[in-house]
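Below is one structure, written out as structure tokens, with a few remarks after it.
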Amino acid sequence: MSAIMRGSAMMETPDVQVMEWMRQVREVTYDAEDCVDLFMHQAARKQSRSSSSILTALVRQKSQEPILPRRSSGSGSATSPRSPTRSLVVLARSSSRLSFAEQMRQLVARVAEANDRHKRYKVPGEPASDDTADDLGSCSVVTIDPQLILMQHTDPVAMEGPTQELHEHLAKEEKHATVTSIVGMAGIGKTTLATQVYLTTQERFDCRALVYVGRRPSVRRVLLNIISQLRRNYKQEDITNEHQAMITLRDLLHDKRYLIIIDDIWSISAWKAISCALPQNDHGSRIVMTTRNHDVARSCSSHPSDYIYEMKTLGDSDSKKLFHRRVFGSEEVCSHECRALHDGILKICGGLPLTIVVVASFLGRTAKLEEWEMIYNSTLSVLEKYPLLQGMKKILQISYANLPFPIKSCFLYLSTFPKNYKIDKDRLVWRWIAEGFIPEKGEESLWGTGISYFNELINRNLVQPVFTNDDDYDPVGCTVHGAIHDFVVLLSSEENFVTLDEELESMPRDVIRRLSLNYTKQEDVTLPLDTDISKARSLTVLGCTQRMPNLRNLELLRVLDLEGAEGLENRSLEDIGKLFNLKYLALGGERFTELPGAIGELQHLETLDMRQTMVHKLPSSVEKLQKLIRLLAHVLDHIPADWVEKMQGLQELSMVSVNSERSLKFVAELVKLKQLRILGVKWCFWDDGDGIADRRSHLVSSLNKISQSNISSLSIHSDAACSLGFLADSGEYSWDPPYQLQKLVLKEGSSSYFSTVPKNLGKCSYLTFLEIAINLGSEEDFLIIANLPALTILRLSARGKPIVIKQGFECLKVLWFQRCEDGLGLVFEPGAVPQLRKLCLNFKVRSQQQQLEEKQGRFVSGLEQLSSLKHVNVNIDCDGAMSTEVESVEKAIKRDIHVNSKKLKFESSRDNEEKMIHKMEGKVAAQEDSN
């Protein structure tokens, strides 16, 4: 039955009968798994109770027995104090087995019915072997397609003209705020165009923000998103409602020339609510919005000076460029033999960019022309008759049908998250694992297989990669394009795979397997009373938790994700111990401060993620979680050392506070965790504390023992007044980092710097990521870092001598550099850093202003030597600086960037802008000082 199911799932356009049959088979499978899980759980509980009862009876009987043993009766039978108890145990087990047997008989009958239905409906599709349905191509490990990465670093196709047209409109002399609406169908490139406008208009505006809205927006969340982009350190927890958010945003923007881009507005009411928070000042501010709805566009751009730009599909030439760039990595014209085939394929796509890249990604899995012809003739050519949007949906259906069977479930699972939501890669893959979507494959770990599935979805352009500023090659997560999200939500709903809160009333379900609640405000929380969620396998709550379903009704849950929950409190998890099958638990909210003791009942728990909470201590019952793989918290205090023996499966542990003798002992015991891959510790002993030398040597000794393990990522942080400089000391107790280390973060809690680079760091030949703050006293120190052969990303905070990069850094692609004293002082000599693509500069304005006035030097020299450089990001700390100083420094840094003949993408941002001193404030301060 499973093999036939896999074969039917590979059909590109299954009819209604086939889909209904597949749904019924899937439901039987779920019920069978639940039945077995419940039986095993109940059997284990009864075994535990019976063992306890037997022990109690034995103790009671022994207390009543005479010293001499009883004689047996003449029949030879002996009376035993255990006989009644034993009889009760047997009776209980027999009852449980009878109930289980009856449930299994019912399930077998349902399977037989499904089999008969399969024959009666004449469901097509031959049985598929696991190898066929799970095939990922010629290799089992999938990496990100280099062509796709290349597209991330090149300008979008056919966007130069539209971008220039919008630039001209935004540059007009109107002083009042104007609105530009970009309108067009799904997948045509509205968001791409709006993003290009955002990236290329920075110099014209005091501040900018780009925010997504969507079909069911929370206006408060949208406004908070804008505020967070304007003020990075703004305390959003103080803004509890929509009205406060509006007032705050208007205060921030009232005297600014701002650019706000609002993506994907669906309704006029949403536009009116958001626009109320955008002040109509006379500083030449601009608002750009995107929408699929022409009525919404006309409503937003109703003023005579407003503008509506209607997106157009790509022409033949641009369609070919985009197709060739995705498949071949270049825009070269294809050979004469394949030109007609390419023309036919692109005719089906109709100039829609999304359809083109999905088809290109689908076909790009094979380089053989004959296979392309077969796919075109058998599948794609029939799509010419469909309108554009319907044709795009058919293309998505074909791409989905050709996914390996397990990845289909992984793809449908994306409907759990809202449109345009940034889904963290680790969060997603470990949830897949907890749900049982990832099959075991020989020696390949479940994590490794899950990453391959994640990469495969990216390679097929079914999800879009999300990168950090540090790394634009290895994605940290993904988003789902709006049109694809609509498709996956519809498909998931048809298959009863995930139930969204908006479907609970409009599309009631007989049974709910996975529930996702995305409540924007408390009054939205309306879970129907008659909703049966007892068979739910996962519960995801984003937003308000005031009426979260009672956990005692969810004992079959495997995933409980409350990471994005608002208002979560300690009492919310009072019944957590009922969830015997739970494997993934993520919590969020500043009000959540303490785990319940019942957490120890979760015998199958693999992930416990509390990083978004205020939990710092663990209950003693956590030692029962012997299947735990990931234990993550912001900071963990007081972990008993003897727990290590009971958590041999632990792979990720962070962040452990080292603040006592007990915690030092715990770190020493970590060497016993043979599977540990990721470790984070925080050093919290003060530099002038008693016995500090012994404690430092104890930590170094423990870290050196761990160096023999399989740790690939190590983060060592320190509290204020708790320097990490001793890790660089040489001698008998010098630190020896794990030689196979790939990521190392050494982060001081204050303004402390390492006096020298740890000498043994040079042995880390696999190190790709390094973060360190150092006082560069000699060229030798810098060369240790420069000669790391695999180093790809470097986050360096430095003081002391100017940095002159002459050699080394052969693989470095991203350099994040911060210097707090004596100017920026960064010089690149010819031939330096040959692969550097991104340069991020961070500095305080006051120190840079001094360099400008006294040395008349440049902030950074030699950028023209960096042949691969594409991006320069500058972040300016305005704390205590005059506004005129900030403007002067910004002009100087732009001058240094534009001195180069190379065309670089330049972005700048400000930190602590609210602490900047404006002209009148400076005069008042000067007068007060003189008085």
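The first residue of the sequence shown is numbered 1, and numbering continues consecutively from there. Scope of the values below: all heavy atoms of this structure, side chains included, with no hydrogens, waters or symmetry mates.
Among Asp877, Ile876, Val886, the single residue meeting the side-chain contact (heavy atoms from CB on, under 4.5 Å) criterion with Met916 is Val886. Just one of Ile716, Ile774, Leu761, Leu714 meets the side-chain contact (heavy atoms from CB on, under 4.5 Å) condition when paired with Leu746; it is Ile716.
The closest donor-acceptor contact from the side chain of Arg696 to the backbone of Leu727 lies at 3.5 Å or more, if one exists at all. Checking side-chain atoms of Arg910 against main-chain N and O of Cys878 turns up no donor-acceptor pair under 3.5 Å. For Lys763 (side chain) and Pro737 (main-chain N/O), no donor-acceptor pair under 3.5 Å exists by modelled atom type. Counting only distance, with no hydrogens or angles, the side chain of Gln835 and the backbone of Glu810 share a donor-acceptor pair below 3.5 Å. Remark: side-chain polar atoms of Asp424 are paired, donor with acceptor, to backbone N or O of Arg427 under 3.5 angstrom. In this structure, the side chain of Thr768 does not engage the main chain of Leu791 through any donor-acceptor pair within 3.5 Å. Checked by atom type and distance alone, the side chain of Thr163 pairs as donor or acceptor with a backbone atom of Met159 at under 3.5 Å. Of the possible donor and acceptor atoms, none in the side chain of Glu165 sits under 3.5 Å from a partner among the backbone N and O of Pro162. For the pair Thr200 (side chain) and Gln196 (backbone), a donor-acceptor distance under 3.5 Å is present. No side-chain donor-acceptor contact under 3.5 Å links Ser861 to the backbone of Val827.
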Derivation and outcome, side-chain hydrogen bond (donor to acceptor under 3.5 Å, both in side chains), residues Asn875 and Asp911: CA-CA 7 Å; Asn875 184 55; Asp911 272 347; 3.0 Å; yes
Could you go through the ring-ring contact (aromatic ring centres under 6.0 Å, His included) check for Phe809 and Phe782 one step at a time? CA-CA 11 Å; Phe809 296 113; Phe782 194 66; 5.5 Å; yes
Full working for side chain to side chain contact (heavy atoms under 4.5 Å, CB included) between Phe906 and Val874: CA-CA 8 Å; Phe906 172 72; Val874 176; 3.5 Å; yes
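Under the 4.0 Å criterion applied to side-chain N and carboxylate O atoms, Lys256 and Asp206 are not assigned as salt-bridge partners. A salt bridge between Arg460 and Glu456 is present, with a side-chain N of the basic residue lying under 4.0 Å from a carboxylate O of the acidic one. Using a 4.0 Å cut-off between charged nitrogen and carboxylate oxygen, Lys905 and Asp155 count as a salt-bridge pair. Salt-bridge annotation for Lys759 and Asp736: absent, with no side-chain N of the basic residue lying under 4.0 Å from a carboxylate O of the acidic one.
No hydrogens or angles considered: nothing links the side chains of Gln742 and Ser712 as a donor-acceptor pair under 3.5 Å. If you check the side chains of Asn455 and Thr143, you find no donor sitting under 3.5 Å from an acceptor. In summary, the side chains of Thr191 and Asp263 do present a donor paired with an acceptor at a separation below 3.5 Å, with no hydrogens or angles considered. A donor-acceptor contact closer than 3.5 angstrom is absent between the side chains of Arg677 and Ser713. Looking only at atom types and distance, the side chain of Thr201 has no donor-acceptor partner in the side chain of His167 under 3.5 Å away.
Taking the six-membered ring for Trp and the full ring otherwise, the centers of Trp683 and Phe726 sit less than 6.0 Å from each other.
In this structure, Arg208 forms no cation-pi arrangement with Tyr258, as its terminal cationic atom is not both closer than 6.0 Å to the ring centre and no more than 45° off the ring axis.
Contact annotation: the side chain of Glu890 never approaches that of Ser888 to less than 4.5 Å [non-hydrogen atoms, C-beta and beyond]. You'll find the side chain of Leu863 reaches within 4.5 Å of the side chain of Leu869, heavy atoms only. Inter-residue side-chain proximity for Leu794 and Ile785 is flagged as met; some heavy-atom pair is nearer than 4.5 Å. Between Asn842 and Trp816, the closest side-chain pair of non-hydrogen atoms falls below 4.5 Å. Using a 4.5 Å cut-off on side-chain heavy atoms (C-beta onward), Leu812 and Thr792 make no contact.
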